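Here the structure comes first, spelled out in structure tokens, and everything after it is commentary.
Whatever order the structure lists ligands and atoms in, that order sets their numbers, starting from 1. Position 1 is the first residue of the sequence, and the numbers go up from there. Everything numeric in this text was worked out from a predicted model, so none of it was measured.
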Amino acid sequence: MYFEGFINEFRPVQDSIYESLLYLPSRCVPEKLQSDMNYTNKDIAALLEEIGILLRLDGANDFKAIAFDRAARTIESLDEPVSTLIDDRQVTNIKGIGKSIADDIYALFETGEIPALISLRKKVSEDLVRWLDISGMGPKKVYKIHKELGITTLEELKAKCEDGSVASLAGMGAKSAEKILKSIAWMEQYAERCRLDEAQSIADRMLALLEHKPGVKEISVAGSIRRNLETIGDIDILVGADASDAPALFETFTSDPGVVEILGQGETKSSVRTTEGRQVDLRIVKPSQFPAALMYFTGSKEHNVALRQRARDQGMALNEYGLFKLDEKGSTDFEKPIDYTSEADIYKKLGMSWVPPELREDRGEVDFFTKNEKADLVELSDIQGVLHAHSTWSDGKYSIQEMADACLDRGYSYLGLTDHSRTAAYAGGLDVGRVQQQWKEIDAINEKFAKNGVNFRVFKGIESDILADGSLDYSDDILKGFDFIIASVHFSLDMPAEKMHERLMRAVENPYTTILGHPTGRLLLKRDGSKVDLNPIIEAAAKAGTAIEINANPWRLDLDWRYGNKAKDAGLLTAVCPDAHSTEGIDDMQFGVKIARKAKFDKARVLNTKSVDEIEAHFRAEK
Ligand code: DGT
Ligand code: CA
Ligand code: CA
Ligand code: ZN
């Protein structure tokens, strides 16, 4: 059958896991930033920071490295662009920037390079740089292990952790070695994936590159991005174009400056690696085949398998070219598909209605859309307010007023401010006195909004730590003064599952808890969350009227959407919360909504789709 070759026409070059680690976004510092040699303060800070790190990996004197760290931080927080200080050689006027670093910056603007950085990049082994992706490994620790054991590669590090050499180093111990091994295992498992937000921005760039090119009649992302999965393997893009236009489109795609390597190229598919180290697959199909191909390449594989079985049960065959009638003997003419014009059309011919891509995971959707015409999924435009945000009162970057204005700018009508509670001292958690002071500031801001006729409200919230025994972080007489409370675990995430169960149960059943924050504490591709079965927690929360957050920060996306069916059955409420530590952080809302949809939440079960008055009533009823 000729369609089988469709996805197998070439074998992409397989990178080793370690090779792709090089591209891990966490340390993605551009080689040469821009050809016109205009650098933002952020660019400069990133390069200086890299020098500091490489110096430490090279065993240099700490004073020297610290000077670069400090310069990076200073420049990052300057209001004025450093680029305006180059011509008049004024960079040394910046407090904390000496002549030597100033010269590095002049060199950057004049030649596009910092010689010291170039030589450090040559001198310090890439293998060693990779160690920095191990969680808890800073450059000083890397250097120490490298130096004392005489090893450089991850493989060697792994071996030395296993044979006890790392544990026997001063200041290390068995626990540290174990942690390193665990983290390497994580890296091996996930090096091939990245977060949704990272993949999304690469996909957007590729779509923009192609969408207006001659011959492009249809274009869409497919694969896991289209399904709003929280981590992405490769990025799939599908184009509908005539075969005669395909070669030029592939040429545009593979010659883009954002592409560093062509992994494979065929007549209908081309795979590349981008500067971020991600693989992008572009497939070009005939416009008439676009809907069937889009359906197929959106997946998931499991959803496709279920649909194919359904087609067969109904005497048809389904593949990426469409639906085909089978004769009695089960064979068919693949040149003659049953007519279709859209994805919805194909689903209809299978006796069901269109399935939103984010639900295509074979978790009951085939059955659901056989019986129902549509699912009501929450939309970004349904969101009316921001809950879970931090200000300079704890570890946020902006004042309450600035955060409120940023919410207002984005069309929201309230901000539920939740700085950290007192136990989170490392994050500037508020003691009782500061809580009361903050309330006064919030009252004043609300009065000002009211006086100016602005229909916007700041609610007094707190992100209260859940203490080890499950209690909240203030006494009841303080707790009752808040409009609402997000209760989150921030320490001892690795306690035994039964203890964590008790801890979370107590927290969700506490009448003061409005929302349980990031329920597992996971950091995607970096750190596992606490090992606890959330099913009973979801039931208890639903019963108590406590919502469980979908933390919209793309590192978290926690509650996991895989609890969606359970949450729906239990009638659980959620709140889609950006957990914003800056004004830009508010924009993470989009990722949370994607996950909320994938977890089957409708508008009615998402707290922050409520209007100001409705949410206020909800807070009051919960107290
Ligand atoms: P990823 O890239 O790991 O994040 O996940 P996907 O879902 O994007 O997977 P990918 O890129 O390998 O393939 C894209 C879609 O193509 C996938 O969701 C379903 C379809 N597909 C690929 N290979 C197969 C297959 O062997 N069988 C079936 N039924 N579908 C496949
Ligand atoms: Ca993919
Ligand atoms: Ca793919
Ligand atoms: Zn938090």
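- Proximity to Arg227 (heavy-atom distance under 4.0 Å) selects the following atoms of ligand 1: 7 (O), 18 (O).
- Heavy-atom contacts of Asp236 reach the following atoms of ligand 1: 8 (O), 11 (O), 14 (C) (cutoff under 4.0 Å).
- No option in His490, Glu549, His388 other than His490 meets the side-chain hydrogen bond (donor to acceptor under 3.5 Å, both in side chains) test with His518.
- Protein-derived N/O/S atoms nearer than 3.0 Å to the Ca ion (ligand 2) total 3, waters excluded.
- Under the 4.0 Å criterion applied to side-chain N and carboxylate O atoms, Arg410 and Asp587 are assigned as salt-bridge partners.
- No salt bridge links Asp362 with Lys301; every basic N to acidic carboxylate O contact stays at or beyond 4.0 Å.
- Closest approach of Val576 and Asn608 over heavy atoms only: O-ND2, 2.8 Å.
- Checked options Arg312, Met295, Arg360, Glu302; the residue passing with Leu307 is Met295 (criterion: side-chain contact (heavy atoms from CB on, under 4.5 Å)).
- No N or O atom of Thr231 sits closer than 3.5 Å to an N or O atom of ligand 1.
- Of all atoms in ligand 1, numbered sequentially from 1 with element shown, those under 4.0 Å from a heavy atom of Thr298 are 18 (O).
- With hydrogens and angles disregarded, a donor-acceptor distance shorter than 3.5 Å links the side chain of Asp43 to the backbone of Thr40.
- At a 4.0 Å heavy-atom cut-off, ligand 1 touches Asn304 through the side chain alone.
- Here salt bridge (charged side-chain N to carboxylate O under 4.0 Å, His left out) pairs that include residues 557-577, with residues two or more places apart or in two chains, are Glu230-Arg562, Arg522-Asp560, Glu539-Lys566, Asp560-Arg562.
- Checked by atom type and distance alone, the side chain of Ser270 never pairs as donor or acceptor with a backbone atom of Gln265 at under 3.5 Å.
- Taking any N or O of Ser300, backbone or side chain, none lies under 3.5 Å from an N or O belonging to ligand 1.
- Of the charged side-chain nitrogens involved, at least one lies within less than 4.0 Å of a carboxylate oxygen, so that Asp236 and Arg283 count as a salt-bridged pair.
- Contact check on Glu276 versus Arg205 returns a salt bridge, with a Lys/Arg side-chain nitrogen under 4.0 Å from an Asp/Glu carboxylate oxygen.
- Between Glu361 and Arg227 there is a salt bridge, since at least one side-chain N of the basic residue sits less than 4.0 Å from a carboxylate O of the acidic one.
- Judged by distance alone, with hydrogens and angles left aside, the side-chain atoms of Lys531 form no donor-acceptor pair with the main-chain N or O of Ala497 at under 3.5 Å.
- Of the listed options Lys301, His303, Arg193, Glu361, Lys301 places a heavy atom closest to atom 24 (C) of ligand 1.
- Within the 3.5 Å criterion, the main-chain N or O of Ser244 finds no donor-acceptor partner in the side chain of Asp242.
- Using a 4.0 Å cut-off to heavy atoms of Ile232, the atoms of ligand 1 that qualify are 4 (O).
- Among the atoms of Ser224, some N or O lies under 3.5 angstrom from an N or O of ligand 1.
- In terms of polar-atom proximity, defined here as any N/O pair under 3.5 Å, Leu229 makes no such contact with ligand 1.
- Those atoms of ligand 1 with a heavy atom of Asp234 less than 4.0 angstrom away are 2 (O), 11 (O).
- Those atoms of ligand 1 with a heavy atom of Gly223 less than 4.0 angstrom away are 8 (O).
- For ligand 1, the atoms lying closer than 4.0 Å to a non-hydrogen atom of Arg308 are 28 (C), 29 (N).
- For ligand 1, the atoms lying closer than 4.0 Å to a non-hydrogen atom of Gly233 are 1 (P), 2 (O), 3 (O), 4 (O).
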